[in-house]
2 protein chains.
Amino acid sequence: MSGIRAQQKEKTRRQLIDAALGQLSADRSFSSLSLREVAKEAGLAPTSFYRHFSDMDELGLTLVDEAGLTLRQLMRQARQRIEKGGSVIQISVRIFMEFIESNGNIFRLLLRERSGTSPAFRAAVNREISYFTLELCDYLQQANKLDAEVASLQANAAVTIVFSAGSDALDADKKDREHLAYRTIQQLRFIARGAMELGQRIEVNKS
Amino acid sequence: MSGIRAQQKEKTRRQLIDAALGQLSADRSFSSLSLREVAKEAGLAPTSFYRHFSDMDELGLTLVDEAGLTLRQLMRQARQRIEKGGSVIQISVRIFMEFIESNGNIFRLLLRERSGTSPAFRAAVNREISYFTLELCDYLQQANKLDAEVASLQANAAVTIVFSAGSDALDADKKDREHLAYRTIQQLRFIARGAMELGQRIEVNKS
DNA sequence: TAGAATAGCGTACACGTGTACACTGAAAAC
DNA sequence: GTTTTCAGTGTACACGTGTACGCTATTCTA
């Protein structure tokens with residue numbers, strides 16, 4: 001049932017995806033990639049591209065999904081390390097920075113398409129980020145016994161800060177990155193502390 | 001000495017700038033603009049473009065400067081309203097949201113080029129944002145008597161949060177924007193409170 | 001007032017783009 | 001074993017791009 005044919009098709013599909021990912025870099029955005037370039041890099045005739053994607057946009061959305069997948073693997077990894085004990089904030093930031101270091105181009109893709117010209121891309125990226133945020137929100141609510149709204153606000157702010165730091169890290173050298181990580185950790189502490197203090201007050205006001 | 005000639009030149013230069021700004025929109029980024037399109041929109045022959053800019057990049061950097069100017073005018077406006085009294089955070093967020101509403105495309109330009117493919121563009125945008133942050137930092141240090149480092153951390157975090165909210169606001173309708181503004185205000189309060197509390201502790205540790 | 005400088009125009013060229021179309025050979029279906 | 005399906009190829013086309021080059025008309029300079 002696997003089908004020697006379907007198998008081969010899947011393989012060249014991957015070649016296209018990998019070719020696209022491989023061309024992404026600091027000075028090459030997805031939107032600047034041409035169908036012909038990607039096909040060529042994958043060792044395909046330009047017109048064969050259409051056997052797999054109807055559009056460069058369709059390829060792009062696939063890439064965003066891949067990126068989201070990578071991001072979620074990251075979270076799983078983080079959770080495991082956190083369960084072994086240690087500062088949640090420190091571990092999270094360190095893991096995220098490691099992600100940037102080894103997946104810079106994937107992260108760039110997310111950053112760029114988030115503010116890009118395609119509504120579909122923007123929506124796709126925001127969806128991935130909202131998964132990320134939601135998981136953090138659940139964690140905060142459970143671990144810190146926070147009000148749902150407060151946890152949501154804190155999670156959103158934290159993810160924003162971390163992503164922004166990741167963006168800065170892309171252009172930074174090793175030295176700067178350490179400083180960046182320290183800064184981010186402090187800022188996340190500010191937010192956590194503020195959420196604790198003001199969260200209680202919001203609760204009181206509600207009752 | 002003004003020179004009827006230099007005067008005319010300046011005028012068509014502005015036409016080019018305005019033509020470029022006018023073409024920017026939610027689904028049209030600067031990098032997708034072609035020299036020919038801009039020249040045409042400005043009512044010029046393609047080759048005449050070179051009399052004013054050597055490159056589309058040069059035009060782009062000029063646009064970023066313009067955007068930075070607009071941003072600084074915004075700050076001046078905010079300071080005036082704050083001096084008349086009222087919540088600093090609330091007024092700042094409201095003003096920023098008004099800015100997004102009436103200068104969406106300029107803000108989009110900054111957002112996009114910040115993560116774009118041109119190092120020069122990225123640097124230019126980050127410079128403008130750092131002016132913004134520095135002014136806020138000075139204010140915080142002075143008004144809240146904060147430690148320089150703490151003020152810097154808080155200012156950076158606040159600007160990050162506000163810009164991110166601005167980014168979200170671009171795709172939001174009026175209803176969503178109010179909610180967004182509320183969320184942002186809460187988050188800024190978290191940060192401010194956290195900075196106050198933890199800032200003191202940092203001071204203590206230092207001594 | 002003669003000559004230099006220059007903003008703007010039109011033509012021309014090479015190049016990269018997306019994609020329509022007809023074709024081939026191998027796997028799948030019957 | 002025959003027919004059908006289909007991943008991949010090569011050719012071809014129209015189009016938009018940046019920009020080199022020579023020209024004109026007007027303003028500036030001396």
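Each chain gets a letter, A, B and so on, in the order the sequences are listed, and its residues count up from 1.
Taking 4.0 Å as the cut-off between side-chain N and carboxylate O, A:R28 and A:E37 count as a salt-bridged pair.
Minimum interatomic distance between A:L140 and A:A151 (heavy atoms only, all atoms of both residues): CD1-O, 3.9 Å. Shown here for B:L61 and B:A124, the closest heavy-atom pair between the two residues is CD2-CB, 4.0 Å. Across all non-hydrogen atoms, the minimal contact from B:N105 to B:A26 is OD1-N, 4.2 Å. Here the closest non-hydrogen pair linking B:P119 and B:T117 is CD-O, 3.3 Å.
Every pair passing ring-ring contact (aromatic ring centres under 6.0 Å, His included) that includes a residue from residues 38-84 of chain B is listed here, sequence neighbours excluded: B:F49-B:F53.
Side-chain atoms of A:T47 and base atoms of D:dG8 include no donor and acceptor less than 3.5 Å apart.
Contacts between residues 21-40 of chain A and DNA chain D, defined by a heavy-atom separation under 4.0 Å, are made by A:R36. The stretch residues 7-15 of chain B touches DNA chain C through B:K9, B:T12, each having a heavy atom within less than 4.0 Å of the strand.
When each of D:dG8, D:dT19, C:dA20 is scored by its nearest atom to the side-chain atoms of B:Y50, the top-ranked nucleotide is D:dT19. Of all nucleotides listed (C:dG8, C:dC9, C:dA5), C:dA5 comes nearest to the side chain of B:R5.
Using a 4.5 Å heavy-atom cutoff, the side chains of B:F132 and B:L136 are not in contact.
More than 12 heavy atoms of other residues, nucleotides or ligands lie within 6.0 Å of CZ in B:R79, so this atom counts as buried by the packing criterion.
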